[in-house]
Trainee: 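The structure under discussion is supplied below as structure tokens; questions concerning it will follow.
All of these numbers come straight from a predicted model, not from anything done at the bench. Residue numbers count from 1 along this sequence.
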Amino acid sequence: LLVQGSWNFWRMQNLGFAFAMMPLLQERGSRIEPREFLTRQLQRFNTHPVLTAPVMGAVSRLEEEGMPEEASHLKETLMAPYAALGDSLFGNSLRPLSAAGSLVFAFLGTLLAPVIYLALYSPLHLWIRLRGFTTGYSRGKEGVDFIKAMNVPLLASRIRWGVAILLGIVAFL
């Protein structure tokens, strides 16, 4: 959850990614050379924060299996597509849906509107983080198929329809 905690202009999320990978180094320290491992993890990395979990899971598996070049290649390959998918799903769909849903409750006069926002937003993003990491770790490179199987563009489109409906309801309130 802290991958953006030390975002920097030059290498973006690399420090957060490396920090998240540290337990792998500590657990498998005898088989992984620390300097080379950290050098690989500190390369430039930037994608949507929620979709870093499947990448971290797959990279962890590949590092454990002794395939560091494939792990680095996977990180580079998935950065841009996962950023676009994550922005579409979370920034352009789920966040507006959560805001519109909480807006309905705000117009009804309840103080639970912020709680409604979190109740609408949090389950999907937490599920994707958890399931993405575990699937990525258990299946390695094939673990990234989890995001492909979600059909994110269709899901985002359906969520945007929900936003339109909720905003229509707000207009009548």
Side-chain angles (χ1 to χ4, degrees), residues 1-7 11-17 19-21 44-62 70-173:
L1 294 174
L2 298 176
V3 72
Q4 297 215 125
S6 56
W7 195 92
R11 297 206 177 160
M12 300 172 187
Q13 296 170 332
N14 73 326
L15 291 172
F17 193 92
F19 179 75
M21 298 296 285
R44 187 174 77 82
F45 182 75
N46 189 37
T47 193
H48 193 276
V50 175
L51 297 183
T52 57
V55 177
M56 283 183 193
V59 167
S60 297
R61 172 55 69 131
L62 292 172
E70 287 191 37
S72 295
H73 180 71
L74 183 70
K75 279 173 52 177
E76 290 176 25
T77 303
L78 293 178
M79 280 192 299
Y82 274 23
L85 288 172
D87 288 345
S88 172
L89 179 59
F90 294 100
N92 301 337
S93 301
L94 189 60
R95 189 173 296 146
L97 176 73
S98 303
S102 65
L103 189 62
V104 169
F105 285 91
F107 275 121
L108 293 175
T110 181
L111 294 176
L112 292 175
V115 175
I116 299 300
Y117 179 87
L118 292 174
L120 291 172
Y121 185 79
S122 295
L124 181 62
H125 96 84
L126 291 173
W127 179 76
I128 288 176
R129 286 179 193 255
L130 181 63
R131 179 77 188 266
F133 181 82
T134 57
T135 304
Y137 184 77
S138 66
R139 298 182 58 203
K141 284 192 314 191
E142 288 79 29
V144 297
D145 291 339
F146 162 71
I147 298 298
K148 181 181 176 185
M150 286 181 56
N151 197 356
V152 172
L154 179 64
L155 178 62
S157 174
R158 289 180 178 170
I159 291 174
R160 282 192 290 273
W161 274 103
V163 171
I165 291 167
L166 281 174
L167 290 176
I169 293 170
V170 168
F172 284 111
L173 294 178

Trainee: Would you say CG of Leu111 has more than 12 non-hydrogen atoms from neighbouring residues, nucleotides or ligands within 6.0 angstrom?
Mentor: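 It does not: Leu111 CG has 12 such atoms or fewer within range.
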Trainee: Are any side-chain N or O atoms of Ser138 and backbone N or O atoms of Thr135, one a donor and one an acceptor, separated by less than 3.5 Å?
Mentor: yes
Trainee: I need the His125 NE2 to Leu51 CG distance, nearest 0.5 Å.
Mentor: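 Taking NE2 in His125 and CG in Leu51, the distance rounds to 12.0 Å.
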Trainee: Can you check whether Ala84's main-chain N or O pairs, donor with acceptor, with Ser88's side chain at less than 3.5 Å?
Mentor: no
Trainee: If every non-hydrogen atom of Ala113 is compared with every non-hydrogen atom of Ser102, which pair is closest and at what distance?
Mentor: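 Of all heavy-atom pairs spanning Ala113 and Ser102, the closest is O-CB, 3.0 Å.
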Trainee: Using the ring of each side chain (for Trp, its six-membered ring), is Phe90 parallel, tilted or perpendicular to His48, with breaks at 30° and 60°?
Mentor: parallel
Trainee: Find the distance between CG (Leu112) and CZ (Phe105) and round it off to the nearest 0.5 Å.
Mentor: 8.5 Å
Trainee: I'd like to check Pro49 versus Arg129 (side-chain heavy atoms, cut-off strictly below 4.5 Å). Are they in contact?
Mentor: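 Counting from C-beta outward, Pro49 and Arg129 do come under 4.5 Å.
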Trainee: To check you understand the geometry: which heavy-atom pair defines the closest contact between Thr47 and Ala83, and what is its length?
Mentor: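 The pair with the smallest heavy-atom distance is OG1-N, 3.0 Å.
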Trainee: Is there a side-chain contact between Leu85 and Met150 (heavy atoms, below 4.5 Å)?
Mentor: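 The answer is no, as the side chains (C-beta and beyond) never meet within the 4.5 Å cut-off.
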Trainee: Please report the closest heavy-atom contact between Lys75 and Phe45, naming both atoms and the distance.
Mentor: CE-CD1, 4.0 Å
Trainee: Quick one, Ser72 and Leu74 - any side-chain contact, counting heavy atoms below 4.5 Å?
Mentor: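 No, every pair of side-chain atoms sits at 4.5 Å or beyond.
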Trainee: Taking all heavy atoms of Arg61 and all of Gly136, pick out the closest pair and write down the distance.
Mentor: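 Minimum heavy-atom contact is CB-O, 4.2 Å.
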Trainee: Restricting to ring pair (Phe, Tyr, Trp, His ring centres under 6.0 Å), what partner residues turn up for Trp161, sequence neighbours left out?
Mentor: none
Trainee: Taking all heavy atoms of Asn46 and all of Gln13, pick out the closest pair and write down the distance.
Mentor: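 Between these two residues, the closest heavy atoms are CA-OE1, 3.4 Å.
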Trainee: Less than 4.5 Å apart, side chain to side chain, heavy atoms only: is that true for Ile128 and Ile147?
Mentor: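 Yes. Closest side-chain heavy atoms under 4.5 Å.
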Trainee: Check whether any side-chain heavy atom of His73 sits under 4.5 Å from a side-chain heavy atom of Thr77, and report yes or no.
Mentor: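 Answer yes - side chains close enough.
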Trainee: Check whether any side-chain heavy atom of Leu97 lies under 4.5 Å from a side-chain heavy atom of Leu94, and answer yes or no.
Mentor: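 Yes - at least one pair of side-chain heavy atoms lies under 4.5 Å apart.
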Trainee: Drop me the distance from Lys148's NZ to Asn151's CG, to the nearest 0.5 angstrom.
Mentor: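 Atom-to-atom, Lys148:NZ and Asn151:CG are 10.5 Å apart.
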Trainee: Heavy atoms only: give me the nearest Gly101-Leu120 pair and the separation to one decimal.
Mentor: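 That would be CA-CD1, 3.9 Å.
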Trainee: Would you give the length of the straight line joining atom CZ of Phe172 to atom CG of Leu167, rounded to the nearest 0.5 angstrom?
Mentor: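 It is 12.5 Å, given to the nearest 0.5 Å.
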Trainee: Aromatic rings Tyr117 and Tyr121: how do their planes relate, parallel, tilted or perpendicular, breaks at 30° and 60°?
Mentor: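 If you compare the ring of Tyr117 with that of Tyr121, the planes turn out parallel.
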Trainee: Rounded to the nearest 0.5 Å, what separates atom CD1 in Ile159 from atom OG in Ser93?
Mentor: 5.5 Å
Trainee: What distance do Arg95 atom CZ and Leu89 atom CG have between them, rounded to the nearest 0.5 Å?
Mentor: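 Reported value, rounded in 0.5 Å steps: 11.0 Å.
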